[in-house]
Amino acid sequence: MEHQYIEEDEEGEVGSGAFLPGGVIFSPAEALGPRLPAHGQRDGWGGARVVPWLTRDEAGPLHGHYAGDDGVGTWALMDDPVSKPDHPSVSAYLEAVHRAVTQGPPDLMGADVPGVVWGCLIWDDPQLPGLDEAFEHWTPIH
């Protein structure tokens, strides 16, 4: 797999790094940042043994996917910090992504399905697209 650098469009919606259905991968510093409570503050994660590793909300980030002792699930700073795991491990998550891309069904990972826009793998919901101007250039793989 070759990483292409494609600038986001005017809406900021297509970046070549968002090739997983959960969004972009955090750098180590970005992954640990949300987990570190401010001085004198309590742990807003309730002691959960997880590390954020994906997000679609790069500006915040306020939500995304975590990797933890029990597997991969979702996190959100607005509600309960972590959900029950959806996949038993990161490798199981990546295997499911691979199956969704190569074999289908396209909705194996949820409402967002794999497609290609401007040479980049981008996941979007064909019924409720998040891509605005770029959606007309997006083609589902299956």
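All of these numbers come straight from a predicted model, not from anything done at the bench.
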Which pairs would a plain distance check flag for residues 91-100, meaning a side-chain donor or acceptor within less than 3.5 Å of a matching protein atom at least two apart in sequence or in another chain?
{"residue": "Ser91", "atom": "OG", "partner": "Ser89", "partner atom": "OG", "Å": "3.0"}
{"residue": "Tyr93", "atom": "OH", "partner": "Gly22", "partner atom": "N", "Å": "3.2"}

Would you say Ile122 and Phe19 make side-chain contact, with heavy atoms under 4.5 Å?
no
Pairs involving residues 67-78, ordered by first then second residue, that meet side chain to side chain donor-acceptor pair (under 3.5 Å) (sequence neighbours left out):
Arg49-Asp69, Thr74-Ser83
Please evaluate residues Val72 and Tyr66 with respect to the criterion side-chain contact (heavy atoms from CB on, under 4.5 Å), reporting the C-alpha separation (whole Å), side-chain torsions for both, the decisive distance (0.1 Å), and the verdict.
CA-CA 6 Å; Val72 172; Tyr66 70 80; 5.9 Å; no
Any pair with a residue in residues 102-128 that passes salt bridge (Lys or Arg N to Asp or Glu O under 4.0 Å), sequence neighbours left out, goes on the list, sorted by first then second residue, please.
Arg56-Asp112
Any side-chain heavy atom of Arg35 within less than 4.5 Å of one from Pro52?
yes
Leu54 side chain near Phe26 side chain, heavy-atom distance below 4.5 Å:
no
Applying ring pair (Phe, Tyr, Trp, His ring centres under 6.0 Å), can you list everything that pairs with His137, at least two apart in sequence or on another chain?
Trp118
Residues passing the side chain to side chain donor-acceptor pair (under 3.5 Å) test with Ser27, sequence neighbours excluded, are Glu30
If you define the side chain from C-beta out and look only at heavy atoms, does anything of Met109 sit under 4.5 Å from His87?
yes
Any side-chain heavy atom of Glu136 within less than 4.5 Å of one from Leu131?
no
Note, Val50 side chain near Trp45 side chain (heavy atom, < 4.5 Å)
yes
State, with a plain yes or no, whether a side-chain heavy atom of Thr55 is found less than 4.5 Å away from one of Val24.
yes
Rounded to the nearest 0.5 Å, how far does CH2 of Trp53 lie from CG of Leu20?
6.0 Å
Side chains of Val101 and Pro114 in contact at under 4.5 Å (non-hydrogen atoms)
yes
